[in-house]
Amino acid sequence: MFSDKDRVENMDSRIKKCGIPDKTAGMHDCRKPPMVILSGPTAVGKTKLSIALARAADGEIISADSCQVYRCMDIGSAKITSGEMEGIPHHMINILDPWEEFSAALFKEKCLQCLSGIYEREHIPIVVGGTGFYVQALLRDIDFGSGDEADHSETPASQDIPGKNGAYRAWLEELAKQEGAARLHSMLGDIDPVSARSIHQNNQKRVIRALEFFHLTGEPISRHNEREREKEPAYNACYFVLNDQRERIYEKIGMRVDEMLRQGLVAEVERLREMGCHRGMVSMQGLGYKEILAYLEGELSLEEAVETIKRDTRHFAKRQLTWFRREKEVIWLNKDEFEYDEDRILKFMLEEMRTRGILETS
RNA sequence: AGGGGAAUAGUACAAUGGUAGUGCGGCGGUCUCCAAAACCGUUGAUGGGAGUUCGAUCCUCUCUUCCCCUG
């Protein structure tokens with residue numbers, strides 16, 4: 001597999017090109033591998049900008065998107081087409097079948113493999129996508145506490161996600177169903193009172209993960225998280241967040257969903273259903289998919305499904321923005337401040353990258 | 001024009017002669033292995049005027065607006 005040590009060694013050639021002394025320290029450390037991140041709420045226009053950026057900076061794109069990793073989910077995930085890629089290499093797109101499970105931990109693992117290749121080619125990795133958690137997992141090199149040294153690289157079944165104990169999880173889920181959320185929450189209180197205080201008892205997913213973590217490692221997840229939270233970014237990164245006025249984003253979401261329908265979202269989901277996809281799958285929890293599945297099963301009218309997609313996508317965009325506000329090192333790109341001029345945005349981004357020694361000053 | 005009905009938060013609907021509720025939306029937040037997921041918090045209304053009453057969103061009158069029926 002791929003250790004951190006390997007990655008750092010692969011960096012050497014790249015690092016030599018970073019001539020700028022480290023004045024600012026910490027975040028802009030040129031000894032760290034370079035990385036550009038372009039994120040932002042859904043439908044702001046990340047994809048389009050990313051191509052121009054990759055061109056200008058001689059980069060390769062890594063998609064940080066929890067739906068675009070899946071094959072056969074093109075329209076609903078607003079996946080870039082091969083034509084739109086304009087020859088720029090894209091990673092982390094179409095790497096899984098829809099019935100496979102995916103997670104932030106897996107994302108990070110797979111990204112590390114992509115990164116080594118990109119650095120070998122002396123290209124700049126440009127992480128593009130709206131899944132803030134994935135970006136964070138990569139940027140901070142979060143350890144998800146797999147705990148075991150077993151060689152899982154050969155395991156064919158993706159169910160065997162390291163650090164995830166399926167049987168124990170299932171048992172907890174069953175227990176919650178039988179005895180209620182409060183029961184699990186009080187179990188958590190016994191082993192990890194700190195987590196119990198910060199996780200609401202209704203948030204069963206997280207209560208279960210905290211219990212599972214303790215079960216697997218013998219350590220309270222709160223202590224683990226505290227340690228992880230202190231980590232500095234593992235890369236010399238420019239973390240851009242493209243943003244626009246809220247009403248504009250909402251308006252674009254509505255138009256984009258209508259466009260997806262015109263392009264055949266219903267047919268796409270029908271095809272997935274014929275392949276055996278159902279709502280229990282991680283992939284089918286994606287916006288646009290779960291609602292159209294509900295329509296196909298007669299639970300919603302098409303009109304209701306469409307309105308629900310639009311509404312939930314607006315909610316999603318709002319949550320994304322909440323996430324980015326919390327990330328300290330974000331460089332905001334408010335489109336209105338650039339008068340909606342993409343060239344100006346691009347110029348600004350390149351300048352920021354030079355300041356941090358990610359691009360050579362020219 | 002005549003007759004009838006209705007006006008409560010952005011919206012849909014409750015309720016009571018004495019602190020006006022709920023869903024949806026809007027806004028804010030949490031997040032370290034399902035994150036396009038899951039969860040939490042918060043905002044905001046009785047159409048205008050007059051009367052009865054200790055007190056009116058509720059009862060009465062009037063104005064305004066909307067809906068239905070007749071012509």
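To find a chain, count down the sequence lines: A is the first, B the second, and so on, and within it residues start at 1.
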Any donor-acceptor N/O pair, A:His185 side chain to A:Ala196 backbone, under 3.5 Å
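Pair found, side chain donor or acceptor close to backbone of A:Ala196.
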Need one value for A:Asp312: base, sugar-phosphate or nothing, where a base atom within 4.0 Å counts as base even if backbone is also close, heavy atoms only.
nothing
Can you tell me if A:Lys110 has over 12 outside heavy atoms packed within less than 6.0 Å of its NZ?
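Incorrect, the count does not exceed 12.
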First encountered from the 5' end of RNA chain B, between A:Ala104 and A:Tyr250:
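First, find each residue's nearest nucleotide; the 5'-ward one identifies A:Tyr250.
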Presence of A:Arg229 side-chain N/O under 4.0 Å of B:rU32 phosphate oxygens OP1/OP2
no
What's the closest nucleotide to the side chain of [X] if the choices are [options]?
| X | options | answer |
| --- | --- | --- |
| A:Arg311 | B:rC27, B:rC24, B:rA36 | B:rC24 |
| A:Arg246 | B:rC34, B:rG26, B:rC27 | B:rC27 |
| A:Ser103 | B:rA36, B:rU32, B:rA35 | B:rA35 |

Scoring nucleotides 38-43 of chain B by protein non-hydrogen atoms under 4.0 Å (B base, S sugar-phosphate only, - none) yields BSS---
Could you run through RNA chain B and flag its stems, i.e. three or more consecutive Watson-Crick or G-U pairs with both distances under 3.5 Å?
B:1-7 with B:64-70, B:10-13 with B:21-24, B:26-30 with B:38-42, B:47-51 with B:59-63
Find the distance A:His315:NE2 to B:rG29:P and express it as a whole number of Å.
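Result: 15 Å.
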Would you call A:Leu115 and A:Ile62 a side-chain contact if the rule is heavy atoms closer than 4.5 Å?
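A:Leu115 reaches A:Ile62 side chain to side chain.
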Provide the distance between the two P atoms, one in B:rG25 and one in B:rA37, to the nearest whole Å.
13 Å
